[in-house]
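Single-structure report; data block below.
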Amino acid sequence: MLRRHRLGVPAFIVTGVYLSALVVAVVVALAAGDLGALWWMTLFAAPDASIQVTWLNVLLLTLAGLVVAWALWEFLRGPLTGTSAEQDRDTWRLRVTLYVAAASTLVSPFLVSWSLWGTVVSFVPMVGVVLLLSPVVGRTRRHVLILLVCGMLGYGSAAVGLGLALSGHAVGVLELVAGFGSLIWNVLVLRAQWDNDRFQRATVRYGILALVLPLVLMMAGGLSGVPREIYDDVVAVAGVLAVVWLARSAHDLDAPSAVSVASG
């Protein structure tokens, strides 16, 4: 499996180091009754001192860590081995932008969301993805235009909304416009990717999961019995599924044409 991907060995090493540290953090949590290390490693946020060390909380944090480890592997392993597919300048720029967006999704939890850097890291790369990916998956000029309008309304409005919030102004309807626009763009892009043989079906399925799972988790939160503080952070971690979709989309664009639709 490691040799199937260009960076499989270093990706395996990095992921293995993270998983080893995760095991140590779980042992410390259970033995010392301290969730601090496990919380930082899995939720990338300051631990809440009011959360008790229970088997359910430890299990939930461990599952969140496994999702992070999986996202690391998917991002770092690179494309399949073999001769790269022919790429023009626009495709190369799109791949770079997809990788930057995936990396920004991984590091954004370490930044304060409502800050200038949080705005830049969270939304600017996705605006680039909208501008470059929409023409690639769009089937007609009209389809491309619809994708661009929805994407810019979604991610552009989100960036403007955060800017207004940072300036002390009310976000108002921009929040609804951003949520609706980005949702429609993601749905249309995933549908277009499904019909495009440059992208693996597994890549599209992960994109669908990244879109649906956080919504399902939020709706199920009230029935879980898990403290809201830890549950909200775990739902946020589900967002790393977007890393998998973005990274795999970039990998697929560089895959050898003979294996462009193979599972991997």
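By convention here, the first residue in the shown sequence is residue 1.
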(message) Which residues pass the salt bridge (charged side-chain N to carboxylate O under 4.0 Å, His left out) test with Asp34, not counting sequence neighbours?
(response) none
(request) Mind checking salt bridge (charged side-chain N to carboxylate O under 4.0 Å, His left out) for Arg93 and listing every partner two or more places apart, or none if nothing turns up? (result) Asp90
(message) For His251 and Tyr99, I'd like to know if the aromatic rings sit close, meaning centre-to-centre distance below 6.0 Å.
(response)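 Aromatic pair counts; centres sit under 6.0 Å.
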Can you tell if the side chain of [X] reaches within under 4.5 Å of the side chain of [Y], non-hydrogen atoms only?
X	Y	answer
Leu38	Val28	no
Trp70	Leu241	yes
Leu253	Phe199	yes
Val149	Leu145	yes
Leu80	His5	yes
Val58	Leu61	no
Arg77	Leu7	no
Leu98	Leu132	no

(request) Could you walk me through whether Leu22 and Leu66 pass the side chain to side chain contact (heavy atoms under 4.5 Å, CB included) test, one step at a time? (result) CA-CA 9 Å; Leu22 180 65; Leu66 293 177; 4.3 Å; yes
For [X] and [Y], which heavy atoms make the closest approach, and how far apart are they?
X	Y	result
Ala64	Leu43	CB-CD2, 4.3 Å
Val177	Ser157	CG1-OG, 3.5 Å
Gly8	Trp73	O-CZ3, 3.4 Å
Val244	Ala71	CG2-CA, 3.9 Å
Ala25	Met41	CB-SD, 4.0 Å
Val144	Gly138	CG2-CA, 3.7 Å

Can you tell me how far [atom2] of [Y] sits from [atom1] of [X], rounded to the nearest 0.5 angstrom?
X	Y	atom1	atom2	value
Trp39	Asn57	CH2	CG	7.5 Å
Thr42	Leu35	OG1	CG	9.0 Å
Leu72	Phe12	CG	CZ	13.5 Å
Trp185	Leu148	CH2	CG	9.5 Å

(message) Donor-acceptor pair, distance only, cut-off 3.5 Å: does the side chain of Asn196 make one with the backbone of Val137?
(response) no
Quick check on the hydrophobic clustering: are [X] and [Y] connected, directly or via other members, by side-chain heavy-atom contacts under 4.5 Å?
X	Y	answer
Leu63	Val24	no
Leu59	Val26	yes
Leu56	Val67	yes
Leu183	Leu147	yes
Leu30	Leu19	yes

(request) Might you work through the side chain to side chain contact (heavy atoms under 4.5 Å, CB included) test for Leu131 and Met152, ending with a clear yes or no? (result) CA-CA 8 Å; Leu131 294 175; Met152 292 307 297; 3.9 Å; yes
(request) Apply side chain to side chain contact (heavy atoms under 4.5 Å, CB included) to Thr91 and Val136, showing your working. (result) CA-CA 8 Å; Thr91 302; Val136 170; 5.5 Å; no
(message) Using a strict threshold of under 4.0 Å (side-chain N to carboxylate O), is an ion pair present between Arg191 and Asp195?
(response) yes
(message) Among residues at least two apart in sequence or on other chains, which ones pass side chain to side chain contact (heavy atoms under 4.5 Å, CB included) with Leu190?
(response) Gln193, Val204, Ile208, Leu211, Trp245
